[in-house]
Amino acid sequence: MAAIEKVRNIGISAHIDSGKTTLTERVLFYTGKIHKIEEVRGKSGVGAKMDSMDLEREKGITIQSAATYCNWYLGQGKADQPARTKNDEFEINIIDTPGHVDFTIEVERALRVLDGAILVLCGVAGVQSQSLTVDRQMRRYKVPRIAFVNKMDRQGANAFRVADQLREKLHHKPVMINIPIGAEDKFEGVIDLIDMKAFYYDGPTGDDVREEPIPAKLSDLAKEYRAKMIAGVADFDDAIAEKFLAEEEPTPADLRAGIRRATIALKITPVMCGSAYKNKGVQQLLDGVCQYLPNPTEVTNEALDQRHNEEKVALPSDPAKPFVGLAFKLEDGRFGQLTYMRIYQGKVTKGDFIFNCSAGDKKVKVPRLVRMHSNEMNDIDSASAGDIVALFGVECATGDTFTDGEVSVTMTSMHVPDAVIDLAIWPKDKGTETNFSKALNRFTREDPTFRVRLDEESSQTIISGMGELHLEIYIERMKREYQCEVESGKPQVAYREAVQRRGEYSYTHKKQTGGRGQYAKIEGYIEPLPEDRANEGYVFENETVGGSIPREFIPACDKGFREAIKEGSLIGFPVTGVLVVVNDGASHAVDSSEQAFKTAAIMAFREAYERAKPIVLEPIMKVEVSAPSEFQGSVMGLINQRRGVIIGSENNEGYLTGTADVPLAEMFGFSTVLRSATQGKGEYSMEFSKYQQMPKGAQDELMASFRDKKV
């Protein structure tokens, strides 16, 4: 394995259909990892290397993130390749992530463990709805990135417009470090603004790189954008700023160092362009990954020290320090559970004993250690800080932290979004119930956004997820991988209930049954959480004084309130965004108990809830619709019919892109209606945006059907 300074851990993320998997396929080809390029929807039926699941190949989308690794020599993509030395060799660990919002957890967990990323943008559509989500995830984990404007061969492609959108829509500081030579069917190559050379990609697979002087007709444009590039870097890098102010010309080495510093500090986003499908510009992108994205030692990783009140401690990427690794993804493989792990500190060797700090320091042995190349495994004996590997035979959950026992730390967990859709499912054949249970157990372990519960009233199994496609894929996987055909009910929206004002309570729980009785009295109020804390869902505060409620019974009150908010009285959905305060009460020396206070809290909540003017909240989706401009009226009409609020629309190259907030309940079956209204040319994507109060008429209907169900 390469020295840690030569390691790059990167993810490739983007809106659906921007060309992530196609780009990864070209990267593997140019680095010699595969010897034949396969397309995502290729005629051979083989499919791209990174789409190893049959479903991915059939649907032409990435469902699970896939890991691989490759080696690249800096300058390998240039015509006059320098003599290769070990110093020029970089090891790149890559995770190709899904673009569809239903599989957003795959992007989330990949970005949690990566040091850098390539944000792929379509040269025609530019910054799309899922680009915003991916960008938000990158910001959450402070991941430096390079933007790659792909599909420059497509009609309507414009790299300069996409760079402007990065500034306007994502609030980046884009700095173009290469510009295209032509566009659409005249796209020939790229101009490197640092070396001021033109690069062309010859041969059927683009691996014959030709270096030429910049064409005369593009000379002024190249000079203009080089000046913009220097000014852009000078805004955030002192060394370049000094030369800029002194009107000195920075050398290519100065510029690369300045771009690297500003990129790692998250001050700028270098922008490169090309066409992965037409095999142009990928080699320069690989050089950019090595030159501008950080190695593991240049990223700050923090953990919580369990032996010192969860104090934050830095984890230097040092192989000599005690071992710390994070299990970020689980997969059920042919030989049992496959645990993907990022090693942050220290070293792990096959046969070592490691400790799961997230499960009470449970001791486990590492029987087998592998590096993944999509669905292929390459055995290794050891791995150290900065590596991404997989372990066999290590039972754990997603997000568990492992150490060698010398330290007891846990890594901060990844953000897991709430499910927005429920579906009742049951096996078609009673004989497949065992497989049905096995499948559900495995899928919930692998995917934190896939949840399973039993409906107590109907005794039905309810699965919850991020969207229709998300649940559809799991139902299909049960059929294929577990030979268990499943029937399902109508999709159910995950509504929430909330309160609008303060509701006070004063409840006494008193029960005498002969012998020891039950007694608990609690007083206080519930009210909506302030806006800046609304995402916490539920907050409990104890404001009792003078021991009116003995301290040991306060947790029981909290438990009771937590139990009560699981089901609101309007439509039976969980209550969210509520602050519960206990400020007085009373107890009995003999008859008071934890159970008595828990029961009192449940009943007190119900009493206060009625007074707090409860309402129903529904999930609102941010929907982005694309269709030819001639269908603008029909598309906008469809959104309006679905209680949608149009946020914005723009026309580019005869194509309309409209964005709207639409209730999820109105989006079922939308794809069929959209296709028929646009002669099959319209497409849409959606992601969860927020919870919002339902109109009174719709709320009354839901409440009536809930009452009928209970009768």
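Below, each value reflects all heavy atoms present in this structure, side chains not excepted, and no hydrogens, waters or symmetry copies. Along the sequence shown, residues carry numbers from 1.
For D164 and R167, the salt-bridge test passes: some basic side-chain N is under 4.0 Å from an acidic carboxylate O. A salt bridge links K690 and D661; the closest N-O separation between the charged side-chain nitrogens and carboxylate oxygens is under 4.0 Å.
Taken from CG in L529 to CD in E536, the straight-line distance is 6.5 Å, to the nearest 0.5 Å. With rounding to the nearest 0.5 Å, the separation of CZ in R112 from CZ in R140 is 12.0 Å. Interatomic distance, OG of S13 versus CD1 of I118, reported as 9.5 Å (0.5 Å rounding). A distance of 9.5 Å separates CG of D237 from CD1 of I259, quoted to the nearest 0.5 Å. To the nearest 0.5 Å, atom CE of residue M466 and atom CG of residue D447 are 9.0 Å apart. A distance of 12.0 Å separates CD of E89 from CH2 of W72, quoted to the nearest 0.5 Å.
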Evaluation steps, side chain to side chain contact (heavy atoms under 4.5 Å, CB included), between V233 and F244: CA-CA 10 Å; V233 179; F244 183 71; over 6 Å; no
Side chain to side chain contact (heavy atoms under 4.5 Å, CB included) between M229 and L255, intermediate numbers included: CA-CA 9 Å; M229 173 186 72; L255 275 171; 3.8 Å; yes
D135/V127 under side chain to side chain contact (heavy atoms under 4.5 Å, CB included): CA gap, chis, key distance, verdict: CA-CA 10 Å; D135 181 65; V127 172; over 6 Å; no
Stepwise side chain to side chain contact (heavy atoms under 4.5 Å, CB included) check, L315 with K321: CA-CA 9 Å; L315 297 178; K321 296 262 183 189; over 6 Å; no
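Between the side chain of N301 and the backbone N or O of S317, no donor-acceptor pair lies under 3.5 Å. Listed for the N9 side chain is a donor-acceptor partner under 3.5 Å among the backbone atoms of G386. Under a 3.5 Å cut-off, the side chain of R256 and the backbone N or O of G288 do not form any donor-acceptor pair. Looking at R260, its side chain does come within 3.5 Å of a backbone N or O of L293 through a donor-acceptor pair. With hydrogens and angles disregarded, a donor-acceptor distance shorter than 3.5 Å links the side chain of T401 to the backbone of M411. In this structure, the side chain of R26 engages the main chain of Y277 through a donor-acceptor pair within 3.5 Å.
Under the 4.5 Å side-chain criterion, counting only non-hydrogen atoms from C-beta, E468 is not in contact with F670. Side-chain contact check for L170 versus L132: some heavy-atom pair is nearer than 4.5 Å. T576 has its side chain out of reach of Y691: every pair of non-hydrogen atoms, C-beta onward, lies at least 4.5 Å apart. Under the 4.5 Å side-chain criterion, counting only non-hydrogen atoms from C-beta, P144 is in contact with L266. Between I10 and R145, every side-chain heavy-atom pair lies at or beyond the 4.5 Å cut-off. Using a 4.5 Å cut-off on side-chain heavy atoms (C-beta onward), R8 and N295 make contact. Looking at heavy atoms from C-beta onward, L391 lies out of side-chain contact with V348 at the 4.5 angstrom threshold. Between N279 and Y30 the shortest side-chain heavy-atom distance falls below 4.5 Å.
Pairing each heavy atom of F402 with each of V394, the nearest pair is CZ-CG1, 3.7 Å. Across every non-hydrogen atom of I92 and C290, the tightest pair is CD1-SG, 4.2 Å. The minimum heavy-atom distance linking F160 with P180 is given by the pair CZ-CD, 4.0 Å. Nearest heavy atoms, V662 versus G644: CG2-CA, 3.9 Å. Heavy-atom minimum distance, M152 versus C273: CG-CB, 4.1 Å. The shortest heavy-atom contact between T410 and S358 is CG2-OG, 4.1 Å.
Side-chain atoms of D287 and Q284 include no donor-acceptor pair closer than 3.5 Å.
Taking the centre and axis of the six-membered ring of Y201, the NZ or CZ atom of K280 falls outside the cone set by 45° and 6.0 Å. Within the cation-pi definition used here (under 6.0 Å to the ring centroid, within 45° of the axis), K33 qualifies as a partner of Y69. For the pair R342 and Y344, the cation sits on the ring face: its NZ or CZ lies under 6.0 Å from the ring centre, inside 45° of the axis.
A tilted orientation is assigned to the rings of F450 and Y474, their planes being inclined by 30° to 60°.
Considering I179, I177, I230 as possible partners of Y225, the one that fulfils the side chain to side chain contact (heavy atoms under 4.5 Å, CB included) test is I179.
Within a 6.0 Å radius of NZ in K169, other residues, nucleotides and ligands contribute more than 12 heavy atoms.
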